[in-house]
Amino acid sequence: MKSKRLVALIMSLILMVIPMFVYGGMLNVKSTTVALLQDGNYDIEYNDKEYYKKSLISLFSIDNYQSFSQYMYNALLNQEEEIWVDNFNIPVSEFSSAFSKVINDNPDLFFVSSSVSYAYYNDGTTAYARPRYTVSKDDLTQARDIFNKGADKALAKVDDSMTDEQKALVLHDYICNAATYSEDGEISHSAYGFFYNGRVVCAGYTLAYSYLLKQAGIESGFVSSKDMAHAWNSVKIDDKWYNADLTYDDIKYDNVNIYGNYGHTNFLKSDSYFSSEAGMYHFGGETYGNPTFNSTSYDNYFWNKVFSQIIVHNGDYYYVQPASRSYLIKRDLKGNESNLSKSAFNLPKLTITSSAVDSAGTEHQISNTDYMGRLDFLDNRFYLTSATGKICSVAFNGDICVIDSGSNDYIIGMTTTNNELTVQYYQNLATPVTYSKLEYFNNYMSKPNGNSYNNYPDIDYDGYVNAKDYAMIKRSAS
């Protein structure tokens, strides 16, 4: 009996050792922590500084890296426990950096840990990786559902009629409107954190934007500064790279997210702009491949002074003129501008003061003027706020109707929630008020002319304004 047990033990040891002597010699195993932005690591040169100075593509052939990246992405997406990569002949000195790049470039891999172990042969090539996952397989289905539904909701805001510039703008405004800068545990650094509850820090803004841009067909990535402990996006428009910092563009009052209130001063900017006071002194940025950000096409663009949503409709931009006496402005792709609203609006203004520290460690106080004209689009009409605490509806022909909200307080935030208008009053920011269409239509809707029902809202939410809506309105009023 003892001899049989001894033979079984020897055989099991042999079976364990044999795999260690294939494909180039004995396997060596190593564990490490890779640099992941979603883990709050802002140093992408974490493992090998010289590696990133030369860029990833110079060490892999382009085809080989793309093949490896897709292979690794699919394996991680399926939560494979052991991923063999020996066919790619990846030097072990480069593996952890290549592994981290796959995750950093694919924010939907939010459930992959920065901890990984991998084995390599005596000839220095990597054999396999054993990643760790932060979400169990049982819980991942629900988490992916939250992620995908959130992404689909955002991507529904863009369409093929838009240019890449317009898509990037609409997604920028969507994230700034929905996100609240807040440290809410580990997920606040991830794209998942944005889609889960909107409470994110700079890495969450950056990764969510990167993912949505990628899905919209726009090449993008991230720029990370260890010195600033900060991250922002790189965005490619018309074959030129630009910086975009959604964290800096998002605006809060008293740590409350204000609907429809965000800037565009850090959207599609050059390095020279970003390092200046106007760009709030960015410095120390590193990114994969080190593209140049030297185009100044948008450094002095029309949206720099616009601190509310910019609507893109049928190829044109619509925004509230940043002035005390303001018009709703229509701007086409050639830069031609006209006043859409037939009369001007009186707007209140606030001074926004932000602090920023430059590369020398000097703190600066930077002020901008926010004319509080919030803008949204619903039922084929524009809605914007006025200084008197009212909401104005503007049709495409320039006609203006006024909704009396019943308050003399300033409206500082406005958005649409489930096809209704939601507003935030200055003296009670944390308690938004949602107005039903049936509550406010009688205050501003005029009688339709002939068979035109364009002055009415889509009461039954079927996507059309027609006689059914008119009938519901009349029944409600009677």
Side-chain angles (χ1 to χ4, degrees), residues 32-73 76 85 88 90-91 93-110 112 114 116 126 129 131 168 189-191 202-237 239-247 268-271 274-275 282-295:
T32 190
T33 301
V34 299
L36 298 185
L37 188 59
Q38 65 189 26
D39 275 5
N41 192 322
Y42 298 103
D43 185 6
I44 65 169
E45 297 179 333
Y46 184 73
N47 286 296
D48 187 346
K49 293 185 180 296
E50 290 305 314
Y51 171 72
Y52 282 111
K53 296 298 183 186
K54 291 180 283 188
S55 95
L56 185 67
I57 300 304
S58 67
L59 294 177
F60 285 109
S61 71
I62 293 178
D63 290 340
N64 193 42
Y65 174 70
Q66 289 177 340
S67 297
F68 163 77
S69 176
Q70 188 62 51
Y71 171 80
M72 181 59 69
Y73 170 76
L76 293 172
V85 295
F88 296 98
I90 302 171
S93 60
E94 299 169 21
F95 178 77
S96 61
S97 297
F99 179 79
S100 66
K101 186 178 189 302
V102 172
I103 303 168
N104 285 332
D105 284 345
N106 294 281
D108 51 332
L109 296 175
F110 58 88
V112 182
S114 57
V116 61
T126 310
H189 293 270
S190 68
C202 62
Y205 281 89
T206 300
L207 290 170
Y209 193 40
S210 177
Y211 180 79
L212 293 175
L213 288 173
K214 182 178 180 180
Q215 301 308 304
I218 300 172
E219 191 173 351
S220 66
F222 70 90
V223 184
S224 181
S225 172
K226 181 182 178 182
D227 295 331
M228 295 178 67
H230 186 52
W232 59 94
N233 287 94
S234 56
V235 183
K236 194 175 187 180
I237 303 291
D239 293 324
K240 296 177 182 177
W241 284 97
Y242 299 92
N243 295 285
D245 191 338
L246 278 65
T247 310
L268 301 185
K269 298 296 188 266
S270 66
D271 273 347
F274 250 39
S275 62
H282 290 78
F283 61 93
E286 297 283 350
T287 188
Y288 293 122
N290 294 318
T292 57
F293 301 86
N294 53 19
S295 174

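Fair warning: this is a prediction, and the values are worked out from it, not measured in the lab. Only this structure's heavy atoms are used, side chains among them; waters, hydrogens and symmetry mates stay out.
In this structure, Gln38 contributes its side chain and Ile103 its backbone to no donor-acceptor pair below 3.5 Å. The main-chain N or O of Lys226 is never found under 3.5 Å from a side-chain atom of Glu286 such that the two would form a donor-acceptor pair. In this structure a side-chain-to-backbone donor-acceptor pair under 3.5 Å is present from Ser275 to Asp271. A distance-only check finds no donor-acceptor pair linking the side chain of Ser97 to the backbone of Glu94 [under 3.5 Å]. Ser96 places no side-chain N or O within 3.5 Å of a backbone atom of Val34 that could act as its donor or acceptor partner. No side-chain donor-acceptor contact under 3.5 Å links Ser114 to the backbone of Leu36.
Counting heavy atoms from C-beta outward, Leu76 and Pro131 have side chains that approach closer than 4.5 Å. By the 4.5 Å heavy-atom criterion applied to side chains, Tyr42 and His230 are not counted as neighbours. Side-chain contact check for Val102 versus Phe68: some heavy-atom pair is nearer than 4.5 Å.
Side chain to side chain, Asp245 and His282 meet the donor-acceptor criterion of an N or O pair below 3.5 Å. If you check the side chains of Tyr288 and Asn104, you find a donor sitting under 3.5 Å from an acceptor.
Scanning all heavy atoms of the two residues, the minimum distance from Thr206 to Ala231 falls at OG1-O, 3.3 Å. Contact between Leu207 and Ser190 at its shortest, heavy atoms only, is CD1-CA, 4.2 Å. Taking every heavy atom of both residues into account, Val235 and Ala244 meet most closely at CG2-CB, 4.1 Å. Between Ser270 and Ser295, the closest heavy-atom pair is CB-O, 3.3 Å.
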Would you be so kind as to tabulate the donor-acceptor pairs closer than 3.5 Å made by side chains of residues 208-219, with sequence neighbours excluded?
| from | atom 1 | to | atom 2 | distance (Å) |
| --- | --- | --- | --- | --- |
| Tyr209 | OH | Ala168 | O | 2.7 |
| Lys214 | NZ | Asn106 | OD1 | 2.8 |

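With rounding to the nearest 0.5 angstrom, the CG atom of Asp105 is 9.0 Å from the OG atom of Ser220. Atom OG of Ser234 is separated from atom CG of Leu268 by 11.0 Å, given to the nearest 0.5 angstrom. Summarising the geometry, atom OH belonging to Tyr73 is positioned 6.0 Å from atom CG belonging to Leu109; distances are rounded to the nearest 0.5 Å.
Partners of Asn233 under the side chain to side chain donor-acceptor pair (under 3.5 Å) rule, at least two apart in sequence or in another chain, do not exist in this structure. With sequence neighbours excluded, the residues satisfying side chain to side chain contact (heavy atoms under 4.5 Å, CB included) with Asn294 are Thr292.
Below 30°, between 30° and 60°, or above 60°: for Phe293 and Trp241 the angle between ring planes is above 60°, a perpendicular geometry.
Considering Phe99, Phe95, Tyr71 as possible partners of Phe88, the one that fulfils the ring-ring contact (aromatic ring centres under 6.0 Å, His included) test is Tyr71.
At most 12 non-hydrogen atoms from other residues, nucleotides or ligands lie less than 6.0 angstrom from NZ of Lys240.
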